[in-house]
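Read through the structure below, which is laid out as structure tokens, and then see the notes.
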Amino acid sequence: MNMRKYCFFLLLIAPCLPVFAAETVKMAIVGNEEFAGLLQAELGGDEGIELYERSGIGEVLKEQKLSALSGVELHRFFPHVDLFAVMEPAEGIPDRLIVFDARRGFRTADFALPTDSTGALKLGLAGIRRALALKKDASLYAVSIVEVRDSGVPRRFRNRMTEFTTALERRLAGDPEIILLERERLGNVTRERVLSQQRFPLTPSARLLELEFLPGEQPEITGCIVRITELDGTPLFRNSRENVFADIPQRVEELWRLVKTAASGSEKIGTQQEKTETNVVEAGRFFEEYKAAVKRGRHQEAAAVLETVLALDPENQVYRLVKLDLLNTAAKDAYKPGEKAAACRTLLDRMKEF
């Protein structure tokens, strides 16, 4: 092929190259490591998907002789993924698959999985492929669940609270006109930013949703107070529902309509500066939830909320110092040599990052 023909060939295929690149989705499957490995093996032959390992990062770093913050070198091994697929719970047979956008921070799919391993694997596979086909515009109305509060619900109904909240999340995530923002699992996004040395602005909330479960007038009845607010805490809607566990699908349908009405009255946020400013406000709202969780002695819950705060406002020095203080306490309180060494490494890594 002479040079003239070769150049003409390049001109013909050049317009096609970005299309192929745009169709490839980088994904990491995390959570239940056993099922994540099985899903990766099944999805390995699918076109348009690049799968990245996130469960064995320590081993990869050791093999490549990289520190946890090696800048450009680290980025070569860990490019920022587009999607996270989370299999929950982490142990046993997973019963839930959540797929969310790792760059913009909103959920694209939320599926219940069968209780048998074969069925869970089959439906998990179908769920991920379906999530890849779904596309949501980040300019849609964005909603996040900022708090689920237990105000004295009997212990025997705690699982029903989780069931109700999960059903509502699935209903919101399945609405084509609403994007449900992922706020519980943003620790994955924070770690992804460290590994890839890339940071993308998360989609900010337009409306915040709070659920408060409380005992009813009779022992077998549980009520729920629903609050919808703006980012600054301005109340937009408050509604009480009695006996919410009697017919969860019906109650969820009613609540979904209320949330959709409230969300549709909000203005869409367009520019990156507006998104950044709104994320800072939302981070402050979640930081209040962090302090409330600490005050109630729910330290594991507080740690998860703090990861959300840092993902939303990563440059805030106060939030960084609080995180380092928590890690320092964990390192001091660790008893076993292996646990103490791991806690110290985590503290040093975060100190380097900050």
Side-chain angles (χ1 to χ4, degrees), residues 18-61 63-64 66-88 90 94 96-111 124-138 173 179-203 272 275 279 304 307-308 310-312 314 349 353:
V19 175
F20 293 134
E23 290 179 351
T24 302
V25 177
K26 299 180 180 68
M27 171 180 278
I29 306 174
V30 298
N32 190 300
E33 291 190 13
E34 179 184 353
F35 276 80
L38 294 173
L39 286 172
Q40 287 173 348
E42 292 290 337
L43 290 167
D46 285 27
E47 293 184 3
I49 305 177
E50 290 182 10
L51 295 170
Y52 290 86
E53 178 63 48
R54 289 295 182 263
S55 60
I57 288 175
E59 288 75 8
V60 175
L61 293 175
E63 179 183 344
Q64 302 298 336
L66 296 169
S67 69
L69 291 167
S70 299
V72 177
E73 284 297 311
L74 195 63
H75 171 67
R76 289 198 302 112
F77 293 95
F78 300 105
H80 201 298
V81 297
D82 302 309
L83 293 175
F84 273 110
V86 186
M87 305 286 288
E88 297 180 345
R96 188 178 187 185
L97 168 67
I98 295 170
V99 182
F100 70 92
D101 189 307
R103 302 190 177 207
R104 294 177 291 180
F106 59 78
R107 201 173 298 186
T108 59
D110 189 340
F111 300 100
L125 210 58
I128 289 176
R129 286 169 175 153
R130 180 180 170 188
L132 290 169
L134 293 174
K135 293 183 179 180
K136 283 199 172 186
D137 185 353
I179 54 175
L180 177 64
L181 300 181
E182 182 56 64
R183 293 298 184 251
E184 290 183 54
R185 302 163 184 85
L186 289 185
N188 290 300
V189 173
T190 302
R191 287 186 290 273
E192 197 68 13
R193 288 171 172 174
V194 174
L195 290 170
S196 68
Q197 298 294 294
Q198 288 182 285
R199 183 179 295 166
F200 299 91
L202 296 174
T203 303
Q272 181 167 331
K275 290 180 179 180
N279 279 340
E307 288 294 344
T308 299
L310 285 166
L312 288 166
D349 289 344
E353 177 194 351

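All of these numbers come straight from a predicted model, not from anything done at the bench. Throughout, numbering of the chain's residues begins at 1 and tracks the sequence.
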Self-check item: CA sep, side-chain torsions, deciding dist, call: Met87, Val30, side chain to side chain contact (heavy atoms under 4.5 Å, CB included)
Solution: CA-CA 6 Å; Met87 305 286 288; Val30 298; over 6 Å; no
Quiz item: Can you find a heavy atom in the side chain of Lys26 that is under 4.5 Å from one in the side chain of Leu83?
Solution: no
Exercise. Taking all heavy atoms of Asp110 and all of Ala173, pick out the closest pair and write down the distance.
Key: CB-CB, 4.4 Å
Quiz item: How close do Gln40 and Leu51 get, heavy atom to heavy atom, and via which atoms?
Solution: O-CD1, 3.5 Å
Self-check item: Sub-4.5 Å side-chain heavy-atom contact between Leu39 and Leu125
Solution: yes
Exercise. Begin with the C-alpha distance, continue with both residues' side-chain angles, and end with the deciding distance and a verdict on side chain to side chain contact (heavy atoms under 4.5 Å, CB included) for Ile128 and Met27.
Key: CA-CA 10 Å; Ile128 289 176; Met27 171 180 278; 3.7 Å; yes
Exercise. Test side chain to side chain contact (heavy atoms under 4.5 Å, CB included) on Glu50 and Val25 and set out the steps.
Key: CA-CA 6 Å; Glu50 290 182 10; Val25 177; over 6 Å; no
Quiz item: Can you check whether Glu88 reaches Asn32 side chain to side chain, under 4.5 Å on heavy atoms?
Solution: no
Exercise. Walk me through it: do Glu47 and Ile49 pass the test side chain to side chain contact (heavy atoms under 4.5 Å, CB included)?
Key: CA-CA 6 Å; Glu47 293 184 3; Ile49 305 177; over 6 Å; no
Quiz item: Rounded to the nearest 0.5 Å, what separation is found between the CD atom of Glu42 and the CZ atom of Arg129?
Solution: 7.0 Å
Quiz item: Within a strict 4.5 Å, meaning less than it, do heavy atoms of the Ile29 and Leu43 side chains meet?
Solution: yes
Self-check item: Gap separating the CG atom of Asp101 from the CZ atom of Phe84, nearest 0.5 angstrom
Solution: 10.5 Å
